[in-house]
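Notes follow the structure.
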Amino acid sequence: MLSEAGPEPVHVDGGDLGCARLLVLLRARARELPPGTVVHLTTSDPVAPIDLPAWCRMTGHRYLGPVPDGPPPATYAIEVAADARPTDPDRPWHVAPAP
């Protein structure tokens with residue numbers, strides 16, 4: 001369904017995953033989506049408001065902030081970048097080494 005602002009955001013339910021597993025989930029989903037897609041990530045991870053903006057700065061995705069009307073416990077918006085930097089397969093909080 002399209003809204004006046006564009007396509008509906010893609011929802012990713014991070015549940016109670018901690019930082020590393022949450023970033024692995026988000027990284028995998030972002031790879032499947034076209035640039036410009038907005039992802040709404042729902043999570044109970046208490047450090048998500050710190051980790052998500054940092055991960056976005058590192059990878060090039062755009063952190064859009066908390067979603068006021070998102071599903072509980074908390075929902076955050078990220079816009080998928082066209083030229084996102086890959087992260088280390090085993091450590092999603094580190095940029096992947098150059099080939």
Side-chain angles (χ1 to χ4, degrees):
M1 176 178 181
L2 296 177
S3 69
E4 290 180 343
E8 290 291 320
V10 172
H11 181 252
V12 175
D13 185 358
D16 62 356
L17 295 177
C19 173
R21 291 176 45 211
L22 185 65
L23 294 178
V24 167
L25 175 68
L26 178 58
R27 176 182 64 189
R29 193 64 178 111
R31 282 184 189 155
E32 302 171 348
L33 299 169
T37 300
V38 173
V39 175
H40 281 183
L41 175 68
T42 301
T43 180
S44 62
D45 182 359
V47 295
I50 297 166
D51 289 343
L52 292 174
W55 184 80
C56 286
R57 279 190 304 276
M58 180 184 70
T59 60
H61 296 295
R62 185 171 164 220
Y63 179 69
L64 302 174
V67 178
D69 298 333
T75 302
Y76 305 92
I78 294 108
E79 183 178 353
V80 175
D83 56 351
R85 289 177 293 284
T87 59
D88 186 297
D90 298 321
R91 300 178 309 160
W93 55 92
H94 291 276
V95 175

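Since we're looking at a predicted model, the values are computed, not measured.
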> Where is the tightest heavy-atom contact between Arg57 and Arg85, given as atom of each residue plus distance?
Replying inline: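 In this case the closest contact between Arg57 and Arg85 is O-NH2, 2.9 Å.
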
>> Please find the pair of heavy atoms, one from Gly70 and one from Thr75, that lie closest to each other, and give the distance.
In response: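 Nearest pair, atom of Gly70 first, then Thr75: C-OG1, 3.6 Å.
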
Linking I/L/V/M/F/W/Y whenever any side-chain heavy atoms sit under 4.5 Å apart, do [X] and [Y] land together?
{"X": "Tyr76", "Y": "Leu33", "answer": "yes"}
{"X": "Leu52", "Y": "Val95", "answer": "yes"}
{"X": "Val67", "Y": "Val80", "answer": "no"}
{"X": "Val24", "Y": "Ile78", "answer": "no"}

Would you say the side chain of [Y] lies within less than 4.5 Å of the side chain of [X], judging by non-hydrogen atoms?
{"X": "Leu17", "Y": "Thr43", "result": "no"}
{"X": "Leu22", "Y": "Leu41", "result": "yes"}
{"X": "Asp45", "Y": "Cys19", "result": "yes"}

> Are the side chain of Arg27 and the backbone of Pro89 linked by a donor-acceptor contact shorter than 3.5 Å?
Replying inline: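 Judged by distance alone, yes, a pair lies under 3.5 Å.
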
>> Quick one: does any side-chain atom of Ser44 pair with a main-chain N or O of Gly15 as donor and acceptor, under 3.5 Å?
In response: yes

> Rounded to the nearest 0.5 Å, how far does OG1 of Thr42 lie from NE2 of His11?
Replying inline: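 Reported value, rounded in 0.5 Å steps: 2.5 Å.
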
>> By the ring-ring contact (aromatic ring centres under 6.0 Å, His included) test, which pairs, at least two apart or in different chains, include something from residues 47-66?
In response: Trp55-His61

>> Among His40, Glu32, Arg29, exactly one meets side chain to side chain contact (heavy atoms under 4.5 Å, CB included) together with Val10. Which residue is that?
In response: Arg29

> Transitive ILVMFWY cluster of Val38 at side-chain heavy atoms under 4.5 Å: who else is in it?
Replying inline: Leu64

